[in-house]
Peer 1: 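Handing you a structure now.
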Amino acid sequence: MQQKIIILDFGSQTTQLIGRRLRELDTFCEILPYNKFPENDPSVIGVILSGSPYSVYDPTAFKPDLSVIRGRYPLLGICYGAQYMAQTYGGKVEPAGLREYGRANLSRFDHDNPLFKGISDNSQVWMSHGDTITALPSDFKCIASTAKVEYAAYQIDGEKTWGVQFHPEAFHSTEGLQLLKNFAVDICGSRQDWSPASFVETTVAELKQQLGDDRVVLGLSGGVDSSVAAVLLNRAIGDRLTCIFVNHGLLRKNEFENVMKDYECLGLNVVGVDASPLFMGRLAGVTDPEQKRKIIGKGFIEVFDREAEKITDAKWLAQGTIYPDRIESLNITGKVIKSHHNVGGLPEKMKLKLCEPLKWLFKDEVRRVGRQLGMPEHLITRHPFPGPGLGVRILGDITPEKVAILQEADDIFISGLRNWKGEDGKSLYDSVWQAGVILLPVQSVGVMGDERTYEQAVALRAVVSTDAMSADWAHLPYDFLAQVSNDIINHVKGINRVCYDISSKPPATIEWE
Ligand code: XMP
């Protein structure tokens, strides 16, 4: 049985990070809303309570019943989680005066406590809280302090229950991973058997059992998630998997042909459908971004559906949905938001059962699984690319001419990023999360030779990010930008000006539409 640690989510921005850290420790975990603890699940080996944007004395704060957890499982409260336990069992939590935010050091801690095994004196931790525990219940003992926070960590006497007011999951808690390891491995008894190899082995076996002799269809996008899902399914059921790759005419230059070749090399049974004329026809004259998205999304489903119907005995629709697509995260209004992006367009009438073999994985784990499956590196490290493709990077209406111009400019930028090595020896492509060119609905005056030009402008966009929820513009070298600008203006007819987008998200977004 796959052991797991449950992380109860109280709405903190770092909840997912706790999950990722545990997975780095090859320990499987599930993130669940604070009030959805799975009672009587024999695979649970421990529980973590996350932080929260709420104060414990806020009337609308999340306050689940911990009696089904405390004393039955090893338990670690982080920030709000620690404050909530302290308050619930008779301690006191008060506003900290000044918000305690930033780096701090554990000036004093109990070296013999199992939670602190291997932690060094003055270890740096990350604080981010507006409240602080000012009195502990009598059976709680303080096991760590910082200069400003007396009760930085506690343990309940005689129990495997701990609370820490700092965030061990944050990168700035330099030995936070060691602390989480102490909890997960030494205290909860994790066997640390969650690895790409074991994932592939167990998933292939499960898929064989789940699917039997059934046929499965899967929509490929060229992206890493759907490609890894396809290769995994191919391992399990071979040719009974049919993949459908729809070209909506808004892919990158030569992408359809290149990706088809990759898929064939991987031994996948792929049907490539060039539906560009259908999309171009429907998009003609449409300028509103959401309208464009709807047309592309609907057209995609229609084409996919038509192809899938040809596989008459298909019983399953497989998708590359990954864990962050499914986590029910809480927002501060207390509403549970379920964002399940990939199934948004699932056509009801297809009446297919859903198969999502990557649904427990984070993005970096999908990549590790792809490597384990022997997939080529360029498929695995591919940047994310929006479903509507260049359709949301051509601002305003879309024409085949604009698509062709943008494909050329984008190709120069992306090949440039691949070929330019940064100081760390990595290509710029591998150092950024995502990049692309946006065709602006703006013409400007230029001069080429003796000729006046009046042509279009493009913006280059490159961002660094870990999850696309927030992103910073990539600080690309000036020399590189100069070269790309020259190459685009000299080689792409119709463009005479190149700008670089220096907005971060928030308040901007990664895409322009
Ligand atoms: P934004 O622009 O919201 O983008 O910061 C965040 C991430 O989502 C991608 N994106 C999309 N992906 N359909 C998709 O499949 C869409 O309509 C869409 N819009 C944005 C974007 O490329 C980035 O990775």
Side-chain angles (χ1 to χ4, degrees), residues 13 16 218-229 244-252 255 259 279 282-283 286-301 303-304 319-327 329 331 337 339-346 356 358 362-364 366-367 380-396 398 403 406-407 410 413-414 417 429-440 458-474 501-513:
Q13 292 195 340
Q16 278 207 33
L218 175 143
L220 284 171
S221 67
V224 60
D225 301 344
S226 62
S227 305
V228 171
I244 300 173
F245 182 28
V246 177
N247 181 6
H248 49 27
L250 298 160
L251 297 170
R252 297 193 136 119
E255 190 170 17
V259 172
F279 287 88
R282 291 186 186 176
L283 286 166
V286 181
T287 54
D288 177 65
E290 284 316 298
Q291 189 70 17
K292 289 199 275 182
R293 270 200 174 79
K294 279 201 190 109
I295 292 173
I296 298 168
K298 197 162 159 276
F300 182 87
I301 289 169
V303 176
F304 182 84
Q319 298 199 126
T321 316
I322 66 170
Y323 198 34
D325 297 334
R326 302 168 48 246
I327 294 178
S329 51
N331 75 4
I337 300 170
S339 49
H340 200 156
H341 306 292
N342 288 349
V343 291
L346 176 64
E356 298 176 311
L358 307 180
F362 289 99
K363 191 91 181 177
D364 46 343
V366 175
R367 295 198 159 117
I380 291 172
T381 54
R382 193 173 224 139
H383 287 169
F385 186 64
L390 302 181
V392 289
R393 293 188 182 164
I394 295 172
L395 306 195
I398 300 169
V403 173
L406 182 55
Q407 281 178 331
D410 179 80
F413 185 37
I414 299 297
L417 287 166
Y429 184 90
D430 287 336
S431 309
V432 306
W433 165 268
Q434 181 170 3
V437 179
I438 294 99
L439 186 66
L440 306 179
V458 291
L460 310 180
R461 182 73 163 139
V463 294
V464 287
S465 175
T466 48
D467 52 12
M469 300 289 285
S470 63
D472 194 9
W473 58 279
D501 180 351
I502 54 166
S503 341
S504 29
K505 171 183 179 176
T509 52
I510 296 176
E511 305 295 344
W512 277 43
E513 280 198 337

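Starting from 1, each residue takes its place in the sequence as its number. Since the structure is predicted, the reported quantities are computational estimates derived from the model, not experimental observations. Order of listing sets the numbers, starting from 1, for every ligand and every atom in it.
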Peer 1: Using modelled atom types only, decide if a donor and an acceptor are shared between the side chain of Ser470 and the backbone of Lys505 within a distance under 3.5 Å.
Peer 2: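 The answer is no, because no donor-acceptor pair under 3.5 Å joins these two groups.
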Peer 1: Salt bridge check: are Lys363 and Asp225 linked by an N-O gap of less than 4.0 Å?
Peer 2: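 Asp225 and Lys363: salt-bridged.
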Peer 1: Ignoring hydrogens, what is the shortest heavy-atom contact between Ala471 and Val463? Give both atom names and the distance.
Peer 2: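 Taking every non-hydrogen atom into account, CB-CB, 4.0 Å.
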Peer 1: Under the side-chain contact (heavy atoms from CB on, under 4.5 Å) test against Phe279, which residue among Ile398, Asn247, Val303, Ile295 passes?
Peer 2: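 Of the listed residues Ile398, Asn247, Val303, Ile295, the side-chain contact (heavy atoms from CB on, under 4.5 Å) partner of Phe279 is Val303.
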Peer 1: Could you grab the distance from atom OG of Ser226 to atom CZ of Phe245, nearest 0.5 Å is fine?
Peer 2: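 If we round to the nearest 0.5 Å, Ser226:OG and Phe245:CZ are 8.5 Å apart.
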Peer 1: Exactly one of His383, Glu511, Arg382 should register a side chain to side chain donor-acceptor pair (under 3.5 Å) with Gln434. Which one does?
Peer 2: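 Only match with Gln434 under side chain to side chain donor-acceptor pair (under 3.5 Å): Glu511.
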Peer 1: Between ligand 1 and the protein, tabulate every N or O atom pair separated by less than 3.5 Å, reporting distance only.
Peer 2:
unit_1, atom_1, unit_2, atom_2, d
ligand 1, 2 (O), Ile510, N, 3.3
ligand 1, 2 (O), Glu511, N, 2.8
ligand 1, 5 (O), Lys505, NZ, 2.7
ligand 1, 5 (O), Ile510, N, 2.8
ligand 1, 15 (O), Gly387, N, 3.0
ligand 1, 17 (O), Arg293, NE, 2.6
ligand 1, 19 (N), Arg293, NH2, 3.0
ligand 1, 22 (O), Gln434, NE2, 2.7
ligand 1, 22 (O), Glu511, OE2, 2.5
ligand 1, 24 (O), Gln434, OE1, 2.8
ligand 1, 24 (O), Gln434, NE2, 3.3

